Amino acid sequence: MEPTTFVLFGATGDLAKRKIYPALYNLFLDGKLPPSFALIGLGRRELSDETFRGNVERSIRTFSRRKVQDDAAAVERFLDAFRYCVLDVGRKDDYRKLLDMIESREQELRLTPNRLFYLSVGPEFFEPIAANIQESGLGSADGWKRLVIEKPFGRDLPSARDLNRKLNQAFAEHEIFRIDHYLGKPMVQKLEALPRSHPAFQALWTGRRIASVQITAAETVGVEERAGYYDHSGAIRDMFQNHMLQLLMMLAAHLPAGQADEKAGVRKKKAVQALRPLTKEEAKAHVVRGQYAAGTVQGTPVVGYTAEPGIDAESANDTFIAARLLLDDPFWRGVPFYIRTGKRMSGKSTRIVVEFERLPGQPLPTAEDEGAAHDLLVVDIGPEEGITLRSKANDPRRSAASEPIRIDLQANPDDVPEAYENLIGDALRGDATFFAHWDEVEWSWAWVQPILEAFADNLVPLRLYAAGSEGPAESDALLAENGHRWWSDSRNEQEIEMKEGNQYAYHANH
Ligand SMILES: NC(=O)C1=CN([C@@H]2O[C@H](COP(=O)(O)OP(=O)(O)OC[C@H]3O[C@@H](n4cnc5c(N)ncnc54)[C@H](OP(=O)(O)O)[C@@H]3O)[C@@H](O)[C@H]2O)C=CC1
Ligand SMILES: O=C1O[C@H](COP(=O)(O)O)[C@@H](O)[C@H](O)[C@H]1O
């Protein structure tokens, strides 16, 4: 890997502490940091290098997935790369000081001037930092430069386009790495190749009609301490436009054989472009907007959203969204994609369920089975990981069908890299596969824009749901209109949970 100077804006912030330093430490332990590596942390706070390194050490001791053992020498070698520089985003002199510091580190360590600028700061700083990097000469050295940028990328279509145009004045598209941490999750990285990953999945994918695809990201937490941000974003901007649509793209990027060598990014773009647009008038028929009311989450009583600290008592912000989407694509035509995400739901789970239509000859559901699943491919993305095939046809209680096959390749969970480890490792290597490319971001915002407008004009009613539930009843009704039901919530879990010998479970081998 090429020598790199990692320039971290927001080095004193929460994300750096909880995610970035632990990820870098784990990459270091795995030998995945460049052998010649320097990190310069930036923030307004006055910190000495020593205090900064002490903070980083505390962060890796608290948050690293691998225990920081007594190998003091390894920790010291890791921390040796870290320096700190005071920088206020708006002060031009600070960028000149930073340039001096970077150049002197590059000389000291004989580093080729490859510079990775990581913006772990509020979105209002993305554009001024990029402009100052260019203006100060920080980005004009004789090596590569990359910009790693956190979410949110805009708050609607026009602002995202504006931000992108401004970033492009300093960085080319191939130099911009937009983080969507869901794309760093190991199971998400397998989605696009899922149909080819096992003969059983391949046979299903090519031989069976898909009845529906359901994508759920349910959380038990509420707004936490993020009222200022969340009350102006809601579930639609916080989760739906980015993480949920990226999950859809990753899954739908499957194309018939023959085009399989097309790059994943191109196929993802085709998937998002194929989304049938909704007008703001149509939004009400396809989208459910919810907000949590008081309730009980896993045994603990909690207040409703508008009683949360920092939230306007009259707030009509969405903490839940469910939507039905259709793709005008030869493979997916007629298959509804149902997406939902919400806070203060009954459990924490991100899961995709692909439901296959019943085969001719497959046992008809009995009265006891009423509403039970046909064949389901269940992809658990987090917190549990795994792929399970649940099939009625192979239930030995009903038919003399084939012996159950169990494929269990579960890796030691301690060995599963964190999303940020995967993404930072990729950015250091210059591999943008699992980052959100501009086309994807722009098309996602374009699909979401009429819904944002419908919410703003109150064309989609706000439905209250009790904290600890599965969301508003209208979200169930949305699927029932097509004869479907959510297969990924605790009410139905027992119905799809069949006897051990009746499941094909494939746990990712990382
Ligand atoms: N925290 C999280 O879990 C997640 C965060 N994100 C995104 O990551 C980014 C950072 O979030 P987070 O770490 O939580 O935010 P914090 O508020 O914890 O940290 C903000 C950082 O920005 C620095 N900063 C603020 N103002 C200035 C300024 N004028 N000049 C220079 N530095 C400044 C602060 O340093 P100082 O005070 O020393 O100046 C601090 O290091 C945001 O874009 C957020 O949306 C994305 C996903 C999850
Ligand atoms: O980006 C975000 O994601 C988290 C959920 O992430 P997960 O990895 O725990 O599923 C969400 O809580 C947060 O509101 C959002 O900003």
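Owing to the predicted nature of the structure, the values given are computational and were not obtained by experimental measurement. By convention here, the first residue in the shown sequence is residue 1. Just follow the structure's listing: the first ligand is 1, and inside any ligand the first atom is 1.
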Which label fits [X] and [Y]: parallel for a plane angle under 30°, tilted from 30 to 60°, or perpendicular past 60°?
| X | Y | answer |
| --- | --- | --- |
| Tyr420 | His181 | parallel |
| Phe171 | Phe117 | perpendicular |
| Phe78 | Tyr25 | perpendicular |

For the pair [X] and [Y], find out whether any cationic side-chain nitrogen is under 4.0 Å from an anionic carboxylate oxygen.
| X | Y | result |
| --- | --- | --- |
| Lys97 | Asp100 | no |
| Asp380 | Arg351 | yes |
| Glu440 | Arg178 | no |
| Glu57 | Arg61 | yes |
| Arg289 | Glu474 | no |

Is a side-chain N or O of [X] found less than 3.5 angstrom from the main chain of [Y], in a donor-acceptor match?
| X | Y | result |
| --- | --- | --- |
| His437 | Ala432 | yes |
| Glu175 | Ala172 | yes |
| Arg83 | Asp80 | yes |
| Asp30 | Lys32 | no |
| Glu173 | Asn168 | no |

N or O contact, [X] vs ligand 1, cut-off under 3.5 Å:
| X | result |
| --- | --- |
| Pro123 | no |
| Tyr420 | no |
| Gly43 | no |
| Val89 | yes |
| Leu15 | yes |

In the protein, what heavy atom is nearest to [atom], and what distance, to one decimal place, separates them?
| atom | value |
| --- | --- |
| atom 9 (O) of ligand 2 | Lys348 NZ, 2.9 Å |
| atom 9 (C) of ligand 1 | Val121 O, 3.4 Å |
| atom 37 (O) of ligand 1 | Arg45 NH2, 2.8 Å |
| atom 3 (O) of ligand 2 | His181 CE1, 3.4 Å |
| atom 29 (N) of ligand 1 | Asp88 OD1, 3.4 Å |
| atom 21 (C) of ligand 1 | Gly10 CA, 3.7 Å |
| atom 27 (C) of ligand 1 | Arg44 NE, 3.4 Å |
| atom 1 (O) of ligand 2 | His243 NE2, 2.8 Å |
| atom 45 (O) of ligand 1 | Lys151 O, 2.9 Å |
| atom 14 (O) of ligand 1 | Asp14 CB, 3.6 Å |
| atom 14 (O) of ligand 2 | Asp238 OD2, 2.6 Å |
| atom 34 (C) of ligand 1 | Thr12 OG1, 3.7 Å |
| atom 10 (O) of ligand 2 | Tyr182 OH, 2.5 Å |

Atom 39 (O) of ligand 1 touched by protein (heavy atom, under 4.0 Å): yes
Using a 4.0 Å cut-off to any heavy atom of [X], which atoms of ligand 1 qualify?
| X | value |
| --- | --- |
| Leu87 | 30 (N), 31 (C) |
| Arg18 | 1 (N), 2 (C), 3 (O) |
| Ser120 | 9 (C), 10 (C), 21 (C) |
| Gly13 | 13 (O), 18 (O), 19 (O), 40 (C), 41 (O) |

Per-pair distances, 0.1 Å, donor-acceptor, side chain in residues 217-230, under 3.5 Å, sequence neighbours excluded:
{"from": "Glu219", "atom 1": "OE2", "to": "Lys343", "atom 2": "NZ", "distance (Å)": "2.9"}
{"from": "Tyr229", "atom 1": "OH", "to": "Asp238", "atom 2": "OD1", "distance (Å)": "2.5"}
{"from": "Tyr230", "atom 1": "OH", "to": "Ala235", "atom 2": "N", "distance (Å)": "3.4"}

So for Phe125 against ligand 1, with non-hydrogen atoms under 4.0 Å, the contacting part is side chain
Below a 4.0 angstrom heavy-atom separation, can you tell me which part of Glu150, side chain or backbone, both or neither, approaches ligand 1? side chain
Judged by heavy atoms only, the candidate from Lys185, Lys343, Arg237 nearest atom 8 (O) of ligand 2 is Lys185
Proximal candidate to atom 12 (O) of ligand 2 [heavy atom criterion; set Glu418, Lys151, Glu219, Glu224]: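 Checking each option, the heavy atom nearest atom 12 (O) of ligand 2 is found in Glu219.
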Measure from the ring center of Tyr465 to the ring center of Phe320 and say whether it is less than 6.0 Å. yes
Heavy-atom closest pair, residues Val460 and Val287: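 So the two residues come closest at CG1-O, 3.6 Å.
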Does at least one non-hydrogen atom of Tyr230 fall below 4.0 angstrom from an atom of ligand 2?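 Contact absent.
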